[in-house]
Amino acid sequence: MLRPIREKQVELEMVSIDQLVPEDHMVRKIDEKIDFNFIYDRVKPFYCEDNGRPPIDPVMLFKMMLVGYFFGIRSERQLEKEIQTNVAYRWFLGLNLTDKVPHHSTISFNRHKRFNDTTVFQDIFDDIVLLAAENGMVGGRVLFTDSTHLKANANKHKFVKKKVQVETQEYIEELDKAVEEDRKAHGKKPLRKKEKEVEEKEVKVSTTDKDSGYMYREGKPEGFFYLDHRTTDMKYNIITDVYVTPGNVHDSRPYLSRLDRQRERFGFEVEAVGLDAGYLTVPICHGLEKRNIMGVIAHRRFTPKKGLFPKWKFTYDKKTDSYTCPNGSTLTYSTTNREGYRQYHSDPSNCRVCPFLSQCTSSRNHKKVMTRHVWEESKEMVRENRLSPEGKLLYKKRKETIERNFADAKQLHGLRYCRLRSVKGASEQALMTAIAQNIKKIANHLTRG
């Protein structure tokens, strides 16, 4: 028998807000296992102690922001509405059923005014990493690093072209010293000191978000993007570092400095790292060797000129410091250039009568030139690491950790697009997303006991 539902909207009931939140809700696990009082110490310098109106509780403010990142709520306006109607969110923030939810502009004001040009988001991220380490969730021995692109809040058709200075690489001084020592060891005169020339390049600059970079990579979308360079620990896939750059910055540029920051900040004794093929550069391989770290980096196959022998067909002999071609002829050392490459030349008289000449070189003087970097041995060591049983295991683990971490960030926490403009805004979003992911992992782990 059909019966109409009684009107219950006006009924009065004696109920506790705690009764309305499911026992297995994520906010219960987080509230039970994470003590957010450390935030007071981080934000205390930004509040006046004896003047002005009483502020909104800073812990509530950050917990409001975290609710948005926990559950992928992209808009602060929408976040305010969700908290108004969601009992679990109210319970997590310490609000009663009738308490007024802080206005969404409060979050914006604190971001743009109170916390602008501060390290508060980075400091809170570091505190969460240290909390994970205290609970045995971070080993600091094996780290995986990669980057992912974030769509900037900018139209790719609205830009101007500008000439900008090319930043000098951090390792240039060390490389110059290595080149000088290598030339001396081979009996060559030192290179003349070259006056520093300001190198410039033309780039597209967005008229909407000037900090973003125009990205054009094979297999990637084209437009204005940011790159989130992220590192995770192998033990429980806790994110240990987040660093945002414009989309036109190469993955390898900030890597070594961010690795050193983690070692200094958290006291990591890093033994091995797993990296994608974008990090397979001679400076990174050399930097890892200097730090006594086993580098496992994916191989990037370079296609030689069609019809010519690939480089691996030529065998290098360390004792004689020479190359041997497929026909058995020797390529001897000639010089070391400013870029750090040794040059090895063949004897044209032998090459002219060689049956493999057409497959070896297309030069008019019939001379084959091979190059080898002064730090090439470091790169070869990384290749050997990749082919070792340990290296294969580590690289397989890389796909299961850092790749999955990025997928969760984009699919569940809204990191696919930038909510905010500028590098500062993108960094805040990336850090808060990582904080939310780490907090969820810690809460779940401690709940399981």
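Heads up: numbering here begins at 1 and tracks the sequence. The structure displayed is predicted, hence computed values, not measured ones. Hydrogens, waters and symmetry mates are skipped; everything else that's a heavy atom, side chains included, is used.
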With rounding to the nearest 0.5 angstrom, report the [atom1] to [atom2] distance, [X] to [Y].
X	Y	atom1	atom2	result
L415	Y226	CG	OH	13.5 Å
L275	T145	CG	OG1	5.5 Å
Q437	I238	CD	CD1	9.5 Å
H104	M64	NE2	CE	10.0 Å
K33	T447	NZ	OG1	5.5 Å
K290	C285	NZ	SG	13.5 Å

Just grab all the salt bridge (Lys or Arg N to Asp or Glu O under 4.0 Å) pairs involving residues 145-160, residues at least two apart or on different chains.
D146-R398

Pairs flagged by salt bridge (Lys or Arg N to Asp or Glu O under 4.0 Å) wherever residues 420-433 is involved - sequence neighbours left out:
R111-E428, D117-K424

Should [X] and [Y] count as side-chain neighbours, where that means a heavy-atom distance under 4.5 Å?
X	Y	answer
R230	F144	no
V59	F38	no
P310	K313	yes
N438	F125	yes
I439	F36	yes
L227	H149	yes
V296	E390	no
R141	M234	no

[X] to [Y] - nearest heavy-atom pair and separation:
X	Y	value
Q429	L420	OE1-N, 4.1 Å
S212	P246	C-CB, 4.1 Å
W375	A178	NE1-CB, 3.8 Å
K441	N237	CE-O, 3.6 Å
I39	P58	CG2-O, 4.4 Å
V242	R258	O-NH2, 3.7 Å

I'd like to know whether [atom1] of [X] has more than 12 heavy-atom contacts from other residues, nucleotides or ligands below 6.0 angstrom.
X	atom1	value
E180	CD	no
Q411	CD	no
Y417	OH	no
N292	CG	no

Please name all residues satisfying side chain to side chain donor-acceptor pair (under 3.5 Å) with [X], sequence neighbours left out, ordered by chain then number.
X	result
S252	H250
T371	none
T433	none
K204	none

Would you please name every residue forming a side chain to side chain contact (heavy atoms under 4.5 Å, CB included) with [X], sequence neighbours left out?
X	result
V270	L143, L259, R263, F268, V273, I293
V205	V160, K162, V203, K210
L412	D408

Test your reading of the model: is there a side-chain donor-acceptor pair from [X] to the backbone of [Y], 3.5 Å cut-off?
X	Y	result
H103	S105	yes
R42	V120	no
S422	G425	yes
R28	P22	yes
D35	N37	yes
D209	A154	no
D31	I34	no
R90	N96	yes

Give the C-alpha distance, both sets of side-chain angles, the deciding distance and a yes or no for salt bridge (charged side-chain N to carboxylate O under 4.0 Å, His left out) between K410 and D228.
CA-CA 11 Å; K410 291 190 173 186; D228 177 8; over 6 Å; no

With sequence neighbours excluded, residues passing salt bridge (charged side-chain N to carboxylate O under 4.0 Å, His left out) with E380
R372

Centroid-centroid distance, Y255 to Y279, less than 6.0 Å:
yes

Tabulate below the donor-acceptor pairs under 3.5 Å that side-chain atoms of residues 381-388 make, not counting sequence neighbours, or state none.
unit_1, atom_1, unit_2, atom_2, d
N385, ND2, G295, O, 3.1
N385, ND2, M381, O, 3.4
S388, OG, N385, O, 2.7
S388, OG, G391, N, 3.1

With Y69 via ring pair (Phe, Tyr, Trp, His ring centres under 6.0 Å) - residues at least two apart
none

Do we get K440 above F70's six-membered ring, with its NZ or CZ under 6.0 Å from the centre and within 45° of the axis?
no

Charged N-O contact under 4.0 Å between R265 and D241
no

In terms of side-chain geometry, is the basic nitrogen of K235 or D233 positioned less than 4.0 Å from the acidic oxygen of its partner?
no

Angle between ring planes, F224 versus F159, binned at 30° and 60°: parallel, tilted or perpendicular?
tilted

Can you say whether the rings of F115 and F62 are parallel (under 30°), tilted (30 to 60°) or perpendicular (over 60°)?
tilted

Pair [X]-[Y], side-chain donor/acceptor within less than 3.5 Å:
X	Y	value
S75	R419	no
Q84	Y89	no
T232	N405	no

Apply side chain to side chain contact (heavy atoms under 4.5 Å, CB included) to the pair D126 and R261, showing each step before the final yes or no.
CA-CA 11 Å; D126 291 349; R261 185 199 182 269; 2.7 Å; yes

